[in-house]
Amino acid sequence: MTKIIAAITGVQGYVPEEVLTNADLAKIVDTTDEWIISRTGIKERRILRGEGQGTSVMGAEAVKKLLEKTNTKPEEVDLLICATVTPDHFFPSTANLICDKVGISFNASYDIAAACSGFLNALVTGAMFIESGRYKKVIVVGADKMSAIVDYTDRSTCVLFGDGAGAVLLEPSTDGLGLQDFILKSDGSGANHLIQKGGGSAYPPTHETIDNKWHHIHQEGQAVFKFAVTRMADVSAEIMERNNLSGDDVAFLVPHQANKRIIDATANRMGVGPEKVMLNIHKYGNTTAATIPLCLWDYESQLKKGDNLILAAFGGGFTWGSVYLKWAY
């Protein structure tokens, strides 16, 4: 019996029109363009404005264009998974709202929250449904409106994040192309290093939680950097080793776009040169669950059928992981 593998058969991204540059941020907090670029690699990021404009707006735009691009009818979609930590609401899920906005009805849809590793977790989950034979078309969305939870008086975090969305279509493949292997890991002991403390059931909204700015991102930069450099590089090297891949075998590393120094360390550990590293952090900043699909979208024209890609991410939780896939078109 021919083995079914889940393959990405289309990718699409969406970023808001408004650009927030380093120069703009320098007018708000004590920082400079040179300081931000030297420490993060970020030059600008996109921001979604407007009353009631949530993550689902960006996700829906990416999915609409993905459906058009792949000649997929909304009713053909069996499942839509949205990876996000900035849902429009706790409920209904952002996936529900995206489906409604694009005309996908009576299918399965739900959200996955794994911070910056969310897209990888959602991608693997969607792939399992395809490989089981139950579903034929699964859409995986990574989308976050990070500007909604950033404190723009905190110069250590406000320079890092932007808004955006990316989506991929997964379909069955029997020619050996698609998702080959994955490693997903987590460690809850790192929670306090990178957290949005307020708003959930532990600390529901009160005057105190608002005054304490617990509804914004709290990040202990040095601790997160240390863990991210080690964990993201380790898991990428591990997946290459167990699939007998060398740096020469890899067409592209597709890393989460949090910090260029973390990306460089991961590439060095893998033995992959800078020409093989997908990079768009300078344009979009850290869009959390959207970074990896946005990279695939930006570099789509450079990808060839059969290319070996290593996807890698690290995020709050802590969560981290790596996916090895062969590009299918």
Side-chain angles (χ1 to χ4, degrees), residues 10-29 31 33 36-37 40-69 80 82-89 93-102 111 113 115-116 118-119 122 139-154 157-168 196 215-217 256-259 278-300 315:
V11 60
Q12 183 65 42
Y14 173 81
V15 290
E17 290 185 8
E18 182 176 332
V19 176
L20 182 67
T21 67
N22 291 346
D24 295 328
L25 286 171
K27 298 173 185 174
I28 303 170
V29 292
T31 191
D33 178 61
I36 297 170
I37 291 174
T40 68
I42 302 168
K43 296 181 180 179
E44 59 187 40
R45 65 289 291 146
R46 301 299 183 94
I47 303 296
L48 180 67
R49 304 277 188 197
E51 185 177 351
Q53 299 292 291
T55 297
S56 69
V57 171
M58 298 184 294
E61 287 298 319
V63 172
K64 278 179 193 174
K65 291 182 173 65
L66 178 66
L67 292 173
E68 293 169 7
K69 187 176 183 178
L80 187 144
C82 180
T84 187
V85 288
T86 55
D88 289 31
H89 317 280
S93 74
T94 301
N96 286 174
L97 300 176
I98 291 171
C99 285
D100 184 59
K101 284 177 166 65
V102 302
D111 291 354
C116 299
F119 180 77
I139 290 179
V140 178
V141 182
D144 272 299
K145 183 183 177 181
M146 297 307 291
S147 64
I149 60 171
V150 165
D151 175 6
Y152 283 98
T153 66
D154 177 9
T157 57
C158 74
V159 303
L160 303 175
F161 297 96
D163 304 339
V168 299
Q196 183 187 348
H215 300 270
H216 296 298
I217 299 165
H256 170 56
Q257 309 284 302
N259 183 301
M278 291 192 185
L279 202 65
N280 60 16
I281 190 172
H282 56 290
K283 296 194 295 182
Y284 307 135
N286 183 351
T287 54
T288 304
T291 65
I292 288 177
L294 281 174
C295 273
L296 293 173
W297 177 51
D298 273 356
Y299 282 78
E300 184 184 21

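Quick caveat, the model's predicted, so the values are computed rather than measured.
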For [X], all residues meeting salt bridge (Lys or Arg N to Asp or Glu O under 4.0 Å), sequence neighbours excluded:
X: Glu68; result: none
X: Glu61; result: Lys64, Lys65
X: Lys283; result: Asp298
X: Lys101; result: none

>> Taking salt bridge (charged side-chain N to carboxylate O under 4.0 Å, His left out) as the cut-off, I'd like each qualifying pair that reaches into residues 10-21, sequence neighbours left out, listed once.
In response: Glu18-Arg49
>> Between Leu279 and Gln257, is the side chain to side chain contact (heavy atoms under 4.5 Å, CB included) condition met? List the steps.
In response: CA-CA 7 Å; Leu279 202 65; Gln257 309 284 302; 3.6 Å; yes
> What distance separates Asp24 CG from Asp33 CG, expressed to the nearest 0.5 Å?
Replying inline: 10.5 Å
>> With rounding to the nearest 0.5 angstrom, report the CD to CG distance, Gln53 to Asp88.
In response: 9.5 Å
> When you look at Met146 and Leu160, which way does the side chain to side chain contact (heavy atoms under 4.5 Å, CB included) test go after all the steps?
Replying inline: CA-CA 10 Å; Met146 297 307 291; Leu160 303 175; over 6 Å; no
Heavy-atom closest pair, residues [X] and [Y]:
X: Ala113; Y: Val85; value: CB-CG1, 4.4 Å
X: Leu25; Y: Cys158; value: CD1-O, 3.9 Å
X: Gly59; Y: Ile98; value: CA-CD1, 3.9 Å
X: Leu294; Y: Tyr284; value: CD1-CD1, 4.2 Å

> Side chains of Thr84 and Asp144: is there a donor and an acceptor less than 3.5 Å apart?
Replying inline: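 Yes, a side-chain donor-acceptor pair sits under 3.5 Å.
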> For Thr153, what residues pass the side chain to side chain contact (heavy atoms under 4.5 Å, CB included) criterion, not counting sequence neighbours?
Replying inline: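 For Thr153, the residues satisfying side chain to side chain contact (heavy atoms under 4.5 Å, CB included) (neighbours in sequence not counted) are Asp151, Lys213.
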>> Can a donor-acceptor pair be found, under 3.5 Å and without considering hydrogens, that links the side chain of Lys69 to the backbone of Val11?
In response: yes
> After noting the C-alpha distance and the side-chain angles of Val159 and Arg45, does the key distance pass the side chain to side chain contact (heavy atoms under 4.5 Å, CB included) rule?
Replying inline: CA-CA 9 Å; Val159 303; Arg45 65 289 291 146; 4.3 Å; yes
>> Set out, in order, the CA-CA distance, both residues' side-chain angles and the distance that settles side chain to side chain contact (heavy atoms under 4.5 Å, CB included) for Phe161 and Thr288, then state yes or no.
In response: CA-CA 8 Å; Phe161 297 96; Thr288 304; 4.1 Å; yes
